[in-house]
Amino acid sequence: MKKVLESEPVTSWLSGMARPVIISGPCSAETENQMIMTAKQLAATGKVHVLRAGIWKPRTRPGQFEGAGKEGLTWLIQAKRETGLPVTTEVATPEHVELCLEAGVDILWIGARTTVNPFSVQAIADALKGVDIPVLVKNPVNPDLELWIGALERLSKAGVKKLGAIHRGFSSPEKGPFRNAPMWNMAIDLKTRIPDLDIICDPSHISGTRDLIPLIAQKALDLDMAGLMIESHIHPDAAWSDAKQQVTPATLGNIIENLVVRTPSSPNKNFKDTLTILREQIDHLDDEIMQKLASRMKISEQIGQYKKENNVTILQVSRWEEIVETRIALGRAMGLSTEFTNELLKLIHNESIQVQTRVMNKMEERV
Ligand code: PEP
Ligand code: MN
């Protein structure tokens, strides 16, 4: 098979560490105290292997907190000194790379908004020529596997040997339950194309809200990812960036404690039985069905809002009849029984009506 990366096979450099490797720390280094306190509490859990903090923050809109910059780097290095843990941060320009190398940052990562741009990735790769430092590449914001692989190749060609990938989900026009759609297949495809590459999952940026982090983290481990990057802050609700998705160091400890680490195959049989493979496929599909249903309800919510504003009734019989008729025909063509589709539609429709009713009543309270 033709090698994807032109340099030597990617070293599984993370495998020297515990598996799963846990990277944690605040979304952004905000102040010296916040950085050091968070780092100390994370180290005290005994579950964290690498500390993270954003120093230069790529924000979607200007005017938001754009990172502490150079000064923040000194706090991160101090956190490293005080905890004895290696540290990592995001680099987006050759200048960031230079400052990190000077300061003694142990691992660099390339953010999702940088991976999309081959010019930026090439500039970073050029700045890393002849430097032996591990680099983690987040997936690009858009679901483009070639772009993700391209970024890894640019670094590999520049001589970077310790490479890894971070799966942080993808922007999607569909408003599902997650901030960034996980699209697990993209990570699986990357692993299939570059089997030696370690992939770390970032449940914080996939979830967007702290409640979903354990679910995503477990799913990542079940897909045999090498580790997790999870954002943690001493006062999550007061965070200057990504407040909703950060957890306290104590919660981080609990999340890790409750994860079930499974091995890809049991020691006495080196193959998965058929039932396991089929069940994994079912799990995967159920996951997608739940996401689609949640997206559908979100749209129902918007419809409820629109109907209220325009004085339209929630139930419109003709529309419902059209839905039943077209979906049953579609279902039948795909081998689903009329009875099953009918029952399923009824359940979905009832929930949708309830969602819309809630929206209407909420608005009435305000009038
Ligand atoms: C981050 O890790 O804080 C970050 C900005 O992530 P991403 O590049 O995945 O959006
Ligand atoms: Mn963040």
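Quick caveat: nothing in here was measured; it's all calculated off a predicted structure. Ligands are counted one by one from 1 in listed order, and the atoms in each one are counted from 1 as well.
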Distance-only side-chain donor-acceptor flag, [X] / [Y], under 3.5 Å:
X	Y	result
Q354	N350	no
S28	S241	yes
E301	Q356	no
H233	D242	no

Per-ligand residue contacts, ligand 1, heavy-atom threshold under 4.0 Å: C27, R52, K57, E90, W109, G111, A112, R113, K138, R168, H205, E231

Sub-2.8 Å protein N, O or S atoms surrounding the Mn ion (ligand 2): C27 SG, H205 NE2, E231 OE2, D242 OD2

Chi angles and distances behind the ring-ring contact (aromatic ring centres under 6.0 Å, His included) call for W184, H284: CA-CA 9 Å; W184 296 102; H284 194 66; 8.3 Å; no

Distance (rounded to the nearest 0.5 Å) between I107 CD1 and I133 CD1: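 Separation between the atoms: 8.0 Å.
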
Distance-minimising heavy-atom pair for L221 and P20: CD2-CB, 3.7 Å

N-O pairing of R193 and E146 below 4.0 Å: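 So R193 pairs with E146 through a salt bridge.
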
Pair Q34-H235, side-chain hydrogen bond (donor to acceptor under 3.5 Å, both in side chains): steps then yes or no: CA-CA 8 Å; Q34 169 255 5; H235 302 300; over 6 Å; no

